[in-house]
Amino acid sequence: IQVFDGVFTPPTCEALNVAANARGLGHALYTRSVGPRTALEHAFESFLSEVDDDSPHVEYWSRQEWKHIEAHADVDEALAAGGGPDP
């Protein structure tokens, strides 16, 4: 995993924050082969293209408040609630 600071200018960060707040709380998947449809997806595409990342998808979330969330592994919550896959 790599972390990059200062990728977007402060005015661009503000515009992306406005765009994220406008979409509300939620989860989304950007499929790169479809192409960007929102300001957030344009930002993802711009950055990923710049660093030569060829990942086919970007999964992202937004919320209306800041929360500290510890590192974690995502799971299929419906599958986990059902006890997992059948053997």
TODO: Would you give the length of the straight line joining atom CG of Asn21 to atom CG of Leu16, rounded to the nearest 0.5 angstrom?
DONE: 11.0 Å

- [ ] Go through the structure and list residues passing salt bridge (Lys or Arg N to Asp or Glu O under 4.0 Å) with Glu45, not counting sequence neighbours.
- [x] Arg32

Task: Non-hydrogen atoms of Ala19 and Leu40 that approach each other most closely - done: CB-CG, 4.3 Å

- [ ] Apply ring-ring contact (aromatic ring centres under 6.0 Å, His included) to Phe8 and list each qualifying residue two or more places apart in sequence or on a separate chain.
- [x] none

Open item on the list: A side-chain contact here means heavy atoms from C-beta on lying under 4.5 Å apart; do Phe4 and Val51 qualify?
Closed with: yes

Open item on the list: With heavy-atom distances below 4.5 Å as the criterion, would you say the side chains of Leu29 and Val58 are in contact?
Closed with: no

TODO: State which residues pass side chain to side chain donor-acceptor pair (under 3.5 Å) with Ser62; sequence neighbours excluded, sorted by chain then number.
DONE: Arg23

Open item on the list: Would you call the rings of His27 and Trp61 parallel, tilted or perpendicular, taking 30° and 60° as the class edges?
Closed with: tilted

Task: By side chain to side chain donor-acceptor pair (under 3.5 Å) - contacts of Glu50 (at least two apart) - done: none

Open item on the list: Please check this pair: side chain of Thr9 against backbone of Thr12, looking for a donor-acceptor N/O pair closer than 3.5 Å.
Closed with: yes

- [ ] Report the residues that fulfil side chain to side chain donor-acceptor pair (under 3.5 Å) with Asp53, sequence neighbours left out, ordered by chain and then residue number.
- [x] Ser55

Task: Residues that His42 engages under side chain to side chain donor-acceptor pair (under 3.5 Å), provided they are two or more places apart - done: none

Open item on the list: Contact between Phe44 and Pro36 at the side-chain level, heavy atoms closer than 4.5 Å - yes or no?
Closed with: no

